[in-house]
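In what follows, a structure is listed as structure tokens, so that the remarks can point back to it.
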Amino acid sequence: MDVLYFAWVRERIGLPRERVETKAATVMELVAELKAREPRYAAAFADISALRVALDQELSDFDAPLDGVREVAFFPPMTGG
Amino acid sequence: MDVLYFAWVRERIGLPRERVETKAATVMELVAELKAREPRYAAAFADISALRVALDQELSDFDAPLDGVREVAFFPPMTGG
Amino acid sequence: MDIRVTAEAFDFAAEAQGFSGRLEASGAVVTFSGIVRDNADGTLERMEIEHYPGMTEKALAGIAEQACGRWALEDVLVIHRHGAMRVGETIMMVATASRHRKDAFEAAEFLMDYLKSRAPFWKKEVTSGEGGAWVDAREVDEEALGRWLE
Amino acid sequence: MDIRVTAEAFDFAAEAQGFSGRLEASGAVVTFSGIVRDNADGTLERMEIEHYPGMTEKALAGIAEQACGRWALEDVLVIHRHGAMRVGETIMMVATASRHRKDAFEAAEFLMDYLKSRAPFWKKEVTSGEGGAWVDAREVDEEALGRWLE
């Protein structure tokens, strides 16, 4: 699965995207796996309420299942316009 | 006093403005005087609810006094924009 | 504040650009433009707009000043034509600029609602074949004013 | 419907004119444009906008389609830049066209409310001296979405 990071999430983790092999069933489980990796991931995911997630380029939520998902993206609330 | 007519009021009466000597105390009294003049005035003022009035270039109403007023204008509801 | 009543055609895009270009601090610009549209039968030859010289300028300035009192606006532009114009020509425009979009949007809608029913303009549609017909004021336009009186 | 996401600067006035010029039946055109404004200290060097290629285009098209479903619109234009831009440059614009101004205004506000909080763009302000700071989402922008859900 491709995992993408944007804005300060990208900056904290230090890369824009990576390939992740996981058996996580939900977004929350994936987040727990990532947090356990290294302090920079733990820092980026410290406050989940400050983050948004998109699954295959559609806004979703942290309880959503990852079944069949090919692309997960984490980012702060959007500030377009 | 100058009396001005716009849009279909002007067309029905047949002139855009005229000088009127009157002792009418209110707009309604002026309207009554004008209606008594000729059928074209009576036609223009037949339905007062379809008309608006401005006194010295400020929107007003038919009960308003004419004391000190120099310019009275009659017209249908505006359709700007 | 820039208020103009004119018989001349004007270039909406150039005016919008000039308006935006003069701003110092605004992040949000809203424009509205009204365009002569054809009637259902496609027979509109021209639109004729009559106005009340003197009162028109006062009414527009008064409406624009009210808008500036109610919202935090950096600038306001109102241009309104009178005389004859053809299908596709721009009848009028307003532009508002503010730091935040809410003020710019609300002020532009307020200006339009007041312009429609409180500025002394009267539209006549002249169709080929027949003569002209004065456009009736719409009840919905009068109602639109109500929301600003709460 | 014309949706563009681009790193290139664009000419707001030319786009607004092109949009209006293509219309057949609309009497009312509303535009919104967002301009990079300086910070309170006057030290903004540039604004940088990051986006999510692929999702951005889908999100904008989805929002524009929703607007077309809710209001009687003849056409919709959305242009949004990403990358670096300086004070005074146009970040984005929307334009809506309808027979009646109410539809054009409401649709433009709807588009803006959704763009602000639901399209994957992130703004960073880079000031002289210091580095950059990501712009925080504003609570008021999130609240603005609420009125379209009634």
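As a basis for the values below, the full set of heavy atoms in this structure was taken, side chains included, without hydrogen atoms, waters or symmetry mates. Naming convention: chains lettered A, B, ... in sequence-line order (proteins, then strands); numbering from 1 in each chain.
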- Query: Is it the side chain or the backbone of B:Ala54 that comes within 4.5 Å of chain C heavy atoms, both, or neither?
  - Reply: side chain
- Go through the atoms of B:Arg52 and report whether side chain, backbone, both or neither lie under 4.5 Å from a heavy atom of chain C.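 No part of it gets close to chain C.
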- Answer yes or no: is there an ion pair linking C:Lys58 with B:Glu58, defined by an N-O contact shorter than 4.0 Å?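 Salt bridge flag = no for B:Glu58 with C:Lys58.
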Test item: [X] and [Y] side chains (from C-beta on) under 4.5 Å apart, heavy atoms:
X       : Y        : answer
B:Thr79 : C:Lys116 : no
B:Leu59 : C:Met55  : yes
B:Glu11 : C:Trp134 : yes

- Message: For a quick test of reading the model, state the closest non-hydrogen atom pair linking B:Phe6 to C:His51 and the distance between them.
- Response: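 That closest heavy-atom pairing would be CE2-O, 3.3 Å.
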- Task: For residues C:Tyr52 and B:Ala73, report the shortest heavy-atom separation together with the two atoms involved.
- Result: CE1-CB, 3.3 Å
Assess whether atom [atom1] of [X] is packed by more than 12 heavy atoms of other residues, nucleotides or ligands within 6.0 Å.
X        : atom1 : result
C:Glu24  : CD    : no
B:Arg19  : CZ    : yes
B:Asp47  : CG    : yes
C:Arg138 : CZ    : yes

- Query: Are the side chain of C:Trp122 and the backbone of B:Pro76 linked by a donor-acceptor contact shorter than 3.5 Å?
  - Reply: yes
- Does any N or O in the side chain of C:His80 come within less than 3.5 Å of the main-chain N or O of B:Gly80, such that one atom is a donor and the other an acceptor?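 Side chain of C:His80 to backbone of B:Gly80, a donor-acceptor pair under 3.5 Å: no, none is there.
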- Checked C:Gly62, C:Gly34, C:Ser117 vs chain B; the most non-hydrogen pairs under 4.5 Å come from C:Ser117
Please look at [X] and chain B and tell me whether the side chain, the backbone, both or neither of the residue comes under 4.5 angstrom of a heavy atom of that chain.
X        : result
C:Asp113 : neither
C:Ile91  : side chain
C:Arg118 : both

- Output, in order, the C-alpha distance, side-chain angles, deciding distance and verdict of side-chain contact (heavy atoms from CB on, under 4.5 Å) for C:Thr56 and B:Gln57. CA-CA 8 Å; C:Thr56 310; B:Gln57 306 189 351; over 6 Å; no
- Query: For C:Lys123 and B:Met78, what are the C-alpha separation, side-chain angles and deciding distance, and is it a side-chain contact (heavy atoms from CB on, under 4.5 Å)?
  - Reply: CA-CA 8 Å; C:Lys123 291 198 185 93; B:Met78 294 105 141; over 6 Å; no
